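Taking it in order: structure first as structure tokens, then the write-up.
Note that the structure is a prediction, hence the values are computed from the model and not measured. The analysis underlying the following values was restricted to heavy atoms, covering all of them including side chains, and did not include hydrogens, waters or symmetry mates.
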Amino acid sequence: MGLAVWHFTVFIPDHFWGGIVGAFLAAMFGAIVFGLVVNGFSIPGNDDVSIMTAAEGIPGGALGLAACYFEGLRRERKAGVSYGL
């Protein structure tokens with residue numbers, strides 16, 4: 001689901017820390033970590049998997065992207081990068 005959420009980054013300005021690759025890694029890492037936290041740091045077995053198991057990655061991917069975006073924006077402002085906004 002982190003990969004699916006990452007595809008929506010095309011609709012927002014590229015201020016991600018590490019560019020589009022950094023956004024990809026942040027979305028994937030966020031979805032994995034959030035999924036592990038929700039499941040008590042264990043990987044669910046075949047009998048425990050449902051549609052909600054897939055949906056658990058969406059908030060994690062979004063949080064990972066948000067963290068990467070705001071870190072990139074902070075670094076750009078610190079470096080004095082201006083886009084005339």
Side-chain angles (χ1 to χ4, degrees):
M1 290 309 293
L3 179 63
V5 172
W6 169 74
H7 280 90
F8 289 101
T9 59
V10 72
F11 296 115
I12 56 178
D14 188 16
H15 297 291
F16 294 101
W17 179 37
I20 198 68
V21 176
F24 171 76
L25 294 174
M28 296 302 292
F29 183 74
I32 290 168
V33 169
F34 193 81
L36 286 172
V37 168
V38 167
N39 289 304
F41 292 98
S42 66
I43 298 173
N46 286 338
D47 296 334
D48 300 326
V49 177
S50 68
I51 192 70
M52 287 307 297
T53 306
E56 291 168 356
I58 295 172
L63 288 171
L65 283 173
C68 184
Y69 184 85
F70 289 116
E71 177 62 20
L73 199 58
R74 185 190 70 80
R75 288 176 182 239
E76 286 178 358
R77 287 183 180 161
K78 185 176 179 182
V81 177
S82 176
Y83 297 102
L85 300 174

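Under the ring pair (Phe, Tyr, Trp, His ring centres under 6.0 Å) test applied with Y69, the options W17, F16, F8 reduce to a single match, F16.
Summarising the geometry of A27 relative to G2, their closest heavy-atom pair is CB-O, 3.4 Å, with the distance given to 0.1 Å. Nearest heavy atoms, A31 versus G57: CB-O, 3.6 Å.
I12 is connected to F70 through a chain of hydrophobic side-chain contacts under 4.5 Å among Ile, Leu, Val, Met, Phe, Trp and Tyr, so both are in one cluster. Hydrophobic clustering of Ile, Leu, Val, Met, Phe, Trp and Tyr side chains at less than 4.5 Å, counting indirect connections, keeps V10 apart from L65.
Distance check: M1 CE to M28 CE gives 11.0 Å after rounding to the nearest 0.5 Å. Put simply, CG on N39 and CG on D48 are 8.0 Å apart, with the number rounded to the nearest 0.5 Å. Between the CG atom in L73 and the NZ atom in K78 there is a gap of 14.0 Å [rounded to 0.5 Å]. Atom OG1 of T53 is separated from atom CD1 of I43 by 12.5 Å, given to the nearest 0.5 angstrom.
Residues I20 and T9 meet the side-chain proximity criterion, which asks for heavy atoms closer than 4.5 Å.
Summarising the local packing, CZ of R77 is surrounded by 12 or fewer heavy atoms from other residues, nucleotides or ligands at distances under 6.0 Å.
Counting only residues at least two apart or in different chains, ring-ring contact (aromatic ring centres under 6.0 Å, His included) contacts with residues 22-55 comprise W6-F24.
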